[in-house]
Structure formats: C-alpha cells, structure tokens
Asker: 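Dropping a structure here in structure tokens format, bear with me for questions.
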Amino acid sequence: MPSNTQTRPNAASAAPGKPQAANKPDTPESLSQKTSEAIWKVFTSSDSRQGFLSRVITILGEHFNSPFAILTVESSVGNQQLLHSASDEATAAWGKRCNGLLLDTRYRNIASARTVAAAGSDRTFAILSSPLSLGSEGTVGAVCVVVSAQDRSTYAIQLQELQAIVAYAGTIGGDVGMAAPQKNTSAKSADTAAASRAAGYASLTEFAFAVSNNLKAKLGCESVSFGIVRKQHVKLLSMSGTSQVDPSSLGTQQLQQVMEECVDAGDICSIQQAKTGPEGLSTGHILHKQWHSDSSGASVASIPLLVDDKIVAVLSLRHTPNQSFTSEQLEKVRELATPLIPGALLLDRADRKLIEHAKSAVVEWTITQLSNDTWTRRIAIGTLLAGLCLALVGKQTYLLTLPCSVMPSDEREISAPFEGVIKETLVRAGDTVEAGQLLARMDTRQLKLDLSKANADFHAATIESIQGATEGDLQKLAIGKAKADAAKSLANKIERNLQLSEVRAPCNGIILSGDLDKRIGESVPMGESLLRFAAADKWKIVIEAPEFATALIDVGQPGTFATVARPAVPLKVEVDHLRTHAEIREGKNVFISEAVVSGVAPDWIRSGMQGTARINVGRHPICWVWVHRIIDQVRLKLWRI
C-alpha cells in the first residue's frame with residue numbers, strides 16, 4: 001500500500017501565506033483556495049501534532065461558520081479532544097451530541113451526517129462527521145462539525161467538503177512533530193509509554209474495546225476480540241464492532257473457550273481457509289476448528305500476549321471471507337499488541353475493588369508461606385488437624401434458621417349490632433386502640449322515631465287498660481294491658497340498639513382491616529363484619545419449616561425471632577404448637593409451627609410482619625450439623641435406585 005507521507009518544507013524558506021507549489025500536494029476540488037492555503041501555512045509553521053490539529057479544527061470551524069467543532073485523536077497519552085466553540089453555551093449544547101457520533105465514525109471509519117432541531121428555535125442544524133487519518137498511520141481519530149442545515153442537498157455537499165478538507169489535513173500532517181524512531185528503547189521506557197497510553201482510558205473494558213477496534217481497522221479483519229487471563233481462565237472483555245459483551249451468550253462462551261485453548265497451547269493457534277490459507281499455518285486445534293466451521297470457513301487465529309514469559313491476555317482474530325493470515329501478519333499483530341499489555345494490567349488492577357486487592361494479597365501470602373517449610377506452615381497444618389478432630393468428636397448447638405411471620409393469636413370480628421346505616425367511622429386499619437374507645441357510629445335517627453312511637457303506643461295502651469278497669473270491661477282491660485306490654489318490650493329493644501349504636505373496642509388492640517370511610521351511608525344487616533380486630537400483646541409467630549426440619553422441631557424448644565423491620569431487636573420465643581398437616585406456601589411444601597413471644601411483646605409489632613426465626617433444637621455432633629442434609633439426600637437417591 002503506497003505511503004502518503006510527504007517531505008515537510010522548511011518554514012523559514014516559505015513565504016508567509018504563499019505555499020511552495022513544488023512541495024504542496026494537490027488540493028481536492030471541493031476545497032476553497034483560502035482554506036487550503038491556511039492549512040498549508042499551519043503545516044509549515046507547526047512544531048507539534050497537537051498544535052497543528054488544534055489550529056486545523058479552528059480553521060474548519062471558521063470555514064463552515066460553525067458554532068461548535070470537535071476533533072478527537074489517539075496519542076501515546078490517550079485520547080485527546082480539541083475544540084472550536086463560539087461560546088460555553090455552544091459547548092454545553094453540542095458537546096454530548098457530538099461525542100457519540102465521533103466514536104461511531106472513528107470505529108466504523110465512515111463519514112456521516114445527522115440533523116438536529118435546535119431547542120427553542122425554528123433552525124435546523126446538521127452534525128457532520130469524518131474519520132481522521134494521519135499519513136501512513138491509518139485512522140487515528142474523527143472530526144465533527146455543526147453546520148446550519150438548509151436542506152439535505154446542502155449539508156450533503158458540506159459533508160463531502162469536510163471529508164476533502166480532513167483528508168487533505170491528514171495527508172500533509174502525518175509527519176508533524178514526529179521524530180525518528182529510537183531503536184534502543186529500554187523495557188522500562190516501553191512500560192512507561194504503555195502506562196501513559198492506558199491513563200487516557202477510564203476502565204480496562206474501554207481500553208480493550210479501543211484495542212479491538214484499532215486492530216480491526218489496521219488489519220482489515222472482520223472481527224478482533226480481546227480477553228484477559230485470570231487463573232488459567234479467560235474473561236472476554238471486548239469484540240470489535242460491538243458496544244458490550246454479554247457473558248451469558250453462547251458466542252461469548254465459545255470464544256472464551258477458544259482463547260483458553262490458546263492459553264493451554266502457549267503459542268499462536270490458527271485455522272486457515274482451505275483454498276487460500278498458507279500451507280502449514282493451520283495448527284489443528286479442536287476448538288479453533290469448531291470456530292472456523294461456525295464462521296462459514298473463515299480463517300481464524302488466536303495470539304497469546306506475554307509479560308515476563310507469562311500469558312496475561314489473548315487476541316482472537318477472524319478474517320474476512322476468502323482471506324487468510326500469514327505467519328508474518330500474526331507475528332506483526334503480536335508485536336503491535338504486546339507493548340499495550342502492561343497498561344492493560346495497570347487498568348485491571350485499578351478496576352479491582354479494595355476487597356479484591358486484599359483477597360489477592362492474602363491468597364498470594366498464604367501460598368508463599370505454605371509452599372516452604374516454615375513455622376507458619378506447621379502451625380497451619382496443626383490448626384487444620386485440631387479442627388478436624390474437633391469436628392469429628394465435638395458437639396455444637398444446632399440452630400434451625402427458618403422463615404416466619406407475625407400473626408395475631410386473639411383475632412376478632414366486630415360486626416354491625418343491628419340492621420342500620422353506618423353514620424361515622426373514627427379509626428382505620430393499623431390504628432392502635434384502647435378498651436372502650438369509640439370506633440364507629442350507626443345512624444340512630446330512625447331508632448329515635450321508632451322509640452317515640454313505641455312510647456306513645458305504650459301510653460295509649462295503658463290508658464285503654466285503665467278505662468277497661470274503670471268500666472268493668474275485662475276484655476278491654478286485657479287487650480289494653482297486652483298492647484302496653486308489647487309497646488314496652490319494643491321500646492326496651494330500641495333503647496338497647498341505641499346503646500349499641502356506638503361501636504367500641506372490646507379491649508386494647510389493633511385494627512387489622514376494615515375501611516369504613518367508603519361505606520358511610522351504606523345500610524348493613526345485623527351481624528355483618530365491620531372491622532377485624534386483634535387484641536394487644538397476644539401474637540403468635542408462624543414458622544414455615546421444610547420437611548427435613550419437622551423431625552427436629554418440638555414443643556417447648558426456645559429460639560429467637562427477628563423481623564425485617566427491626567433485625568437489630570431480636571425477640572425470645574418458644575414453640576408451643578405443631579400443626580400435623582402440610583401446607584403449600586409459595587409453591588413449596590411446608591409444615592407450620594407456632595411460637596409465642598416470651599414476656600410482653602413490644603408495641604411496634606404488627607400483624608403480617610416477615611422475619612426469620614432461629615430455633616434451638618439441641619446439641620449435635622459438629623460433623624453431623626455440617627453434612628447431615630447431604631447424607632440424607634444421598635440416602636434418598638440410593639433408596640430410589
């Protein structure tokens with residue numbers, strides 16, 4: 001592939017503003033003469049690549065009369081962004097919108113345009129983006145410019161012009177600030193350069209995606225994947241052309257197995273396309289053959305990357321159809337990627353949490369101590385033997401940990417005292433009430449009218465009976481007396497209902513349910529439930545025990561109970577009842593045991609609270625406590641056989 005590098009002219013010999021025609025490359029037709037001359041002038045006077053690109057992005061912003069333009073380029077110290085902005089408001093408005101398009105353009109290596117409507121304005125803008133290639137280095141960045149979009153044809157022409165300007169600037173700027181390569185670079189300086197490059201990335205994953213996408217662009221592969229080695233296992237971090245890796249997908253798992261095969265082999269693994277592959281380059285590894293087959297016969301290869309003769313990362317490559325790798329290409333990839341690995345290891349350590357660092361340090365120290373015949377090793381072996389003897393002959397208190405809930409042990413229904421209309425309610429579900437506290441009122445207007453009528457009937461019947469006695473009419477006397485007795489009985493009944501019209505709490509307790517606010521004015525028959533009420537300080541703990549625990553739980557066993565609401569305040573309980581039949585709870589077969597709170601229950605307990613109970617089922621051998629469930633399951637399996 002021909003190189004685009006050019007001999008840089010001497011700035012001192014070039015007249016200001018007038019480029020040397022002999023050395024200046026041909027300018028694309030779409031470039032204006034003024035812009036091309038400005039870029040050439042910047043090229044002749046710049047001593048650093050950053051200075052050159054910084055002035056180029058300013059020229060681009062002025063050329064397109066842009067409110068905002070941004071250029072991103074990769075360098076030895078990470079990703080650098082150079083801005084041209086009309087104001088801070090423009091930076092805030094366009095910065096985030098351009099960042100996504102920059103990343104997409106950089107790694108897809110395709111110019112594109114995107115229209116955006118300005119907030120609070122009728123104007124429409126277009127964000128133009130173009131990949132940036134410098135000399136023979138290939139694509140190293142991207143440029144975004146915001147322009148006013150009159151119509152599609154206008155910004156399409158502007159996009160072509162941007163591509164031409166960026167290509168022109170990249171062609172002449174490839175050698176700006178580039179010194180001759182140093183052949184005798186020490187390992188220490190290489191590690192420092194790798195660390196500096198890694199410092200430009202926020203995480204190991206971001207670094208891995210940058211490596212994958214860069215290598216894909218430079219090699220022309222269909223896919224490049226990067227994985228980190230941890231304890232002979234490989235964690236896939238990135239695949240070119242994607243934004244994230246799903247560890248649960250079959251493709252990810254297959255690729256990780258392919259990389260682990262490369263780690264086991266300790267060398268480059270490759271399967272070439274049968275027709276075009278170089279003879280003898282295919283290594284014949286089984287998992288790579290399977291990957292080759294699943295990729296429609298495309299050439300595949302995995303390259304181990306070493307630091308201090310230890311494999312710490314793996315690159316897996318899949319070529320485009322009808323293309324193959326050569327051994328020189330694969331070795332070149334290894335040479336390109338190996339200097340990046342120290343930086344990746346630094347990012348890997350930076351990504352790990354403090355507890356993971358501490359765990360790793362403890363494991364390394366333990367392995368070091370136990371690998372030599374030291375007092376630490378002897379003490380560890382002695383402690384292990386003592387613990388084993390204790391597990392075989394010692395006993396411990398076995399505490400069954402089981403889910404449970406709070407239920408009232410004295411639950412009552414408060415019903416309508418007579419047929420009538422609900423007039424008023426004074427409590428809601430969850431309220432704590434005292435004995436005799438008014439809960440609700442029934443409408444008594446009809447009762448009072450009925451009482452007045454009954455009293456009037458009583459007086460009329462009494463007068464009638466007196467007249468019969470005065471006249472000596474025994475029949476009239478008997479009828480009047482009977483009417484008076486009936487009216488008196490009815491009046492007494494109505495008076496009792498009037499007394500019951502105020503519904504009161506039978507004792508101290510809590511209202512469990514019953515929303516009477518919505519039923520005010522509703523006629524209810526006598527005996528219909530109005531409220532559910534639980535007496536205070538009378539709670540039971542309902543314990544859900546699986547089948548294996550039923551043989552261990554018994555009445556009288558002590559324990560503790562902690563609610564989800566207040567786990568720091570455990571309560572003492574005692575098992576007082578075992579139900580003999582199983583129940584289905586959340587799809588599981590459980591046996592219910594009931595326990596009571598020892599002493600006075602706290603006032604914050606509520607019906608339905610969930611928690612955990614720990615029941616003391618006695619002392620058992622330590623080894624039995626640890627393994628009895630496994631032994632029981634094995635016995636059951638063997639019995640079924």
Side-chain angles (χ1 to χ4, degrees), residues 355 387 390-391 394-412 428-435 505 507-513 532-630 632-633:
I355 189 171
L390 180 63
K395 290 187 176 183
Q396 73 174 71
T397 300
Y398 187 23
L399 298 176
L400 279 176
T401 303
L402 304 169
C404 56
S405 58
V406 178
M407 298 294 291
S409 58
D410 183 7
E411 184 177 338
R412 308 181 189 182
R428 294 181 178 180
D431 289 351
T432 301
V433 297
E434 298 179 355
C507 60
N508 294 343
I510 296 176
I511 304 299
L512 299 179
S513 65
R532 283 180 60 238
F533 172 84
D537 301 331
K538 294 182 180 180
W539 303 99
K540 61 184 177 181
I541 311 301
V542 179
I543 304 170
E544 301 176 8
E547 290 188 37
F548 81 88
T550 55
L552 301 173
I553 300 178
D554 202 358
V555 174
Q557 290 175 337
T560 55
F561 162 70
T563 62
V564 174
R566 298 196 180 186
V569 188
L571 306 175
K572 293 183 178 180
V573 297
E574 182 178 322
V575 179
D576 75 335
H577 179 68
L578 303 177
R579 298 184 191 177
T580 57
H581 60 282
E583 297 183 13
I584 303 297
R585 297 285 180 91
E586 296 182 358
K588 297 180 180 179
N589 196 42
V590 297
F591 287 82
I592 302 300
S593 304
E594 296 178 3
V596 294
V597 178
S598 301
V600 179
D603 55 4
W604 50 263
I605 285 187
R606 297 289 184 271
S607 177
M609 278 187 168
Q610 300 293 315
T612 301
R614 302 182 70 184
I615 306 301
N616 184 347
V617 296
R619 293 181 64 80
H620 294 271
I622 296 176
C623 60
W624 179 88
V625 172
W626 291 352
V627 302
H628 77 279
R629 291 187 62 184
I630 298 175
D632 290 344
Q633 291 178 3

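By convention here, the first residue in the shown sequence is residue 1. Because the structure is predicted, anything quoted here is derived from the model rather than measured.
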Asker: Do the non-hydrogen side-chain atoms of F533 and I511 ever get within less than 4.5 Å of each other?
Answerer: yes

Asker: So, taking the atom named OG1 in T550 and the one named CZ in F591, what distance separates them when rounded to the nearest 0.5 Å?
Answerer: 5.5 Å

Asker: Applying side-chain contact (heavy atoms from CB on, under 4.5 Å) to L400 and I543, what does each step give before you reach the verdict?
Answerer: CA-CA 11 Å; L400 279 176; I543 304 170; over 6 Å; no

Asker: How many angstroms lie between SG in C623 and NZ in K395, if you round to the nearest 0.5 Å?
Answerer: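 So the SG of C623 and the NZ of K395 are separated by 10.5 Å.
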
Asker: For residues A545 and A549, report the shortest heavy-atom separation together with the two atoms involved.
Answerer: CB-CB, 4.2 Å

Asker: Could you report the tightest heavy-atom contact between C507 and A535, atom names first, then the distance?
Answerer: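 In this case the closest contact between C507 and A535 is SG-CB, 3.9 Å.
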
Asker: Looking at every non-hydrogen atom in both residues, tell me the closest pair between V564 and P567 and how far apart they are.
Answerer: O-CD, 3.4 Å

Asker: Residues in side-chain hydrogen bond (donor to acceptor under 3.5 Å, both in side chains) with E547, at least two apart?
Answerer: N589

Asker: Can you run down the ring-ring contact (aromatic ring centres under 6.0 Å, His included) pairs that involve residues 536-559, sequence neighbours left out, and say none if there aren't any?
Answerer: none

Asker: Do L402 and I553 make a side-chain contact, defined as non-hydrogen atoms from C-beta onward lying under 4.5 Å apart?
Answerer: yes

Asker: Atom OG1 in T397, atom CG in N616: separation rounded to 0.5 Å?
Answerer: 5.5 Å

Asker: Rounded to the nearest 0.5 Å, what's the gap from CD1 on I541 to OG on S593? Could you check?
Answerer: 12.5 Å

Asker: Applying ring-ring contact (aromatic ring centres under 6.0 Å, His included) as the test, list every pair that has at least one member in residues 596-628; sequence neighbours left out.
Answerer: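 The answer is Y398-W624, Y398-H628, H620-W624, W624-H628.
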
Asker: Could you tell me the separation between the OG atom of S607 and the NZ atom of K540, rounded to the nearest 0.5 Å?
Answerer: 10.0 Å

Asker: Scan residues 579-590 for pairs that pass salt bridge (Lys or Arg N to Asp or Glu O under 4.0 Å), counting only residues two or more places apart or in two chains.
Answerer: E544-R585, R579-E583, R579-E594, E583-R585

Asker: Show me the pairs that pass side chain to side chain donor-acceptor pair (under 3.5 Å) and involve residues 551-577, at least two apart or across chains.
Answerer: none

Asker: May I ask you to test the R606-T432 pair for a side-chain heavy-atom distance under 4.5 Å?
Answerer: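 R606 reaches T432 side chain to side chain.
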
Asker: Under 3.5 Å, which donor-acceptor pairs do the side chains of residues 403-412 form with other protein atoms, sequence neighbours left out?
Answerer:
{"from": "S409", "atom 1": "OG", "to": "K538", "atom 2": "O", "distance (Å)": "2.9"}
{"from": "D410", "atom 1": "OD2", "to": "R412", "atom 2": "NH2", "distance (Å)": "3.3"}
{"from": "E411", "atom 1": "OE1", "to": "R532", "atom 2": "NH2", "distance (Å)": "3.4"}
{"from": "E411", "atom 1": "OE2", "to": "R532", "atom 2": "NE", "distance (Å)": "2.7"}
{"from": "E411", "atom 1": "OE2", "to": "R532", "atom 2": "NH2", "distance (Å)": "2.2"}

Asker: Find the distance between CG (L512) and CG (D431) and round it off to the nearest 0.5 Å.
Answerer: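 Atom-to-atom, L512:CG and D431:CG are 11.5 Å apart.
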
